[in-house]
Protein chains: 2
Amino acid sequence: MPIPDHSALLKEHRLRSTQNSRAVLRLFTSAQRALSHGELSASLAPDVDRGTLYRILHRFESHGLVHRVPDDEVSVKFALCQHCSPQTHEDQHLHFKCQVCGHTHCLAQQSIPEISLPGGYQGQQTEVLLRGICPRCQVAD
Amino acid sequence: MPIPDHSALLKEHRLRSTQNSRAVLRLFTSAQRALSHGELSASLAPDVDRGTLYRILHRFESHGLVHRVPDDEVSVKFALCQHCSPQTHEDQHLHFKCQVCGHTHCLAQQSIPEISLPGGYQGQQTEVLLRGICPRCQVAD
DNA sequence: CTGTGTGCAAACACTTTGCAGGTGT
DNA sequence: ACACCTGCAAAGTGTTTGCACACAG
């Protein structure tokens with residue numbers, strides 16, 4: 001994969017290319033996993049204000065650059081959208097959360113199965129969260 | 001379904017049957033959906049202390065009476081375990097979150113599909129969150 | 001009686017927001 | 001120039017915890 005042009009990616013999504021937004025985007029592309037506000041903030045502090053970081057994340061989300069990943073912990077996580085253009089927002093997500101290291105990865109390759117719903121329920125989007133142990137943490141056993 | 005004997009259910013799970021714990025359990029069984037601390041607290045206030053309610057939820061969770069439901073909002077939700085005994089904790093969950101009313105329901109009838117993981121990943125549990133519109137909110141359209 | 005559960009209150013963590021000033025286009 | 005973005009700081013909301021007392025078994 002070529003080194004992503006963060007500035008161009010931001011512009012594609014109708015976002016301004018600022019020092020902060022590029023820094024946040026850089027963390028997402030290098031981490032390749034879902035990150036919480038706290039994780040991002042720890043990497044960026046004290047350069048980026050907490051409140052500003054929340055606004056950046058919301059902005060990224062509303063412009064289709066990242067999506068929100070439900071988490072069973074206190075805070076929510078965000079992950080870079082992989083197959084979403086600003087126009088066609090991919091709505092099927094598959095995530096793997098390692099019970100050892102706590103990291104959540106997007107598994108873009110796996111396909112999401114069809115699930116039949118009871119009468120009356122109208123499905124729009126399927127989100128799958130697999131829990132288990134990631135390759136790195138199995139080695140550590 | 002017979003009226004659940006909350007007191008007995010608590011004892012099965014090695015929990016004491018107190019006024020508070022019965023009240024919380026009553027809310028879960030009557031709501032039949034995932035509830036957040038805030039929702040429970042609103043129904044119980046000012047009878048049950050906030051901190052106590054958090055402890056009750058954690059106690060219920062660790063004793064296999066409720067499970068934690070990942071949510072994409074600020075706070076976490078909890079739902080009554082349906083097919084879990086204190087011994088055999090059922091680890092497959094399917095949830096439906098309505099985008100209109102925001103309620104999350106457990107769909108116990110639907111089966112969880114098998115998902116093949118990339119090499120190195122060891123799966124332990126699958127959680128599925130379907131988003132869409134629930135029967136009640138479709139009628140309201 | 002003994003261990004568990006509770007209320008109160010303080011502390012901590014997470015998130016949102018108003019405003020004045022700075023920056024990208 | 002203008003709209004957008006940022007830092008600061010305050011406030012709002014969610015969560016945890018210590019302690020003394022109350023209650024269930």
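From a predicted model like this one, the values you see are computed outputs, not experimental measurements.
- Following chains of ILVMFWY side-chain contacts shorter than 4.5 Å, one can reach A/Leu94 starting from B/Ile112, so the two form part of one hydrophobic cluster.
- Ring pair B/Phe96/A/Tyr121: centre-to-centre distance below 6.0 Å.
- Side chain to side chain, A/Ser7 and A/Arg22 fail the donor-acceptor criterion of an N or O pair below 3.5 Å.
- The interatomic distance linking B/Arg50 (CZ) with C/dA10 (P) rounds to 14 Å, in whole Å.
- Closest approach to the A/Thr18 side chain among D/dC5, C/dT15, D/dG7 is made by D/dC5 (side chain taken as heavy atoms from C-beta onward).
- Across all strands, A/Thr52 comes closer than 4.0 Å to base atoms (heavy-atom distances).
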Evaluation steps, side chain to side chain contact (heavy atoms under 4.5 Å, CB included), between A/Leu9 and A/Leu65 | CA-CA 9 Å; A/Leu9 187 55; A/Leu65 195 52; 3.9 Å; yes
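- Going from atom CD of B/Glu61 over to atom P of D/dT15 covers 12 Å, rounded to whole Å.
- For B/Asn20 and C/dT4, the CG to P distance is 18 Å, given to the nearest whole Å.
- Mapping B/Val48 and A/Gly51 onto DNA chain C via the closest heavy atom, the residue that lands nearer the 5' end is B/Val48.
- A/Arg59 comes within 4.0 angstrom of the backbone, heavy atoms only, and of no base.
- Closest-nucleotide positions on DNA chain D for A/Val74 and B/Arg22 were compared, and the one nearer the 5' end corresponds to A/Val74.
- One finds no salt bridge joining A/Asp72 and B/Arg68 here, because no Lys/Arg side-chain nitrogen approaches an Asp/Glu carboxylate oxygen to under 4.0 Å.
- Regarding contacts with the backbone of C/dT16, every side-chain N or O of A/Tyr54 stays at 4.0 angstrom or more from both OP1 and OP2.
- Of the residues near DNA chain D, B/Lys11 and B/Ser75, the one whose nearest nucleotide (by heavy atom distance) lies more toward the 5' end is B/Ser75.
- Residue side chain B/Arg55 reaches the base of D/dG18 through a donor-acceptor N/O pair under 3.5 Å, judged by distance alone.
- Computed from coordinates, the A/Ile56 CD1 to C/dT15 P distance equals 15 Å when rounded to whole Å.
- B/Arg16 has its CZ atom 5 Å from the C1' atom of D/dA24, to the nearest Å.
- The CD atom of B/Glu73 sits 11 Å away from the P atom of C/dT16 (whole-angstrom rounding).
- Rounded to whole Å, the distance from CG on A/Asp47 to P on C/dG22 is 18 Å.
- No engagement by B/Ser36 is indicated, since no non-hydrogen atom pair under 4.0 Å with the nucleic acid exists.
- Residue A/His37 places none of its side-chain N or O atoms closer than 4.0 Å to OP1 or OP2 of C/dA13.
- Within the nucleic acid shown, B/Gly38 has no heavy atom closer than 4.0 Å to any nucleic acid atom.
- At whole-Å resolution of the value, CG in A/Asp49 and C1' in C/dT17 are 12 Å apart.
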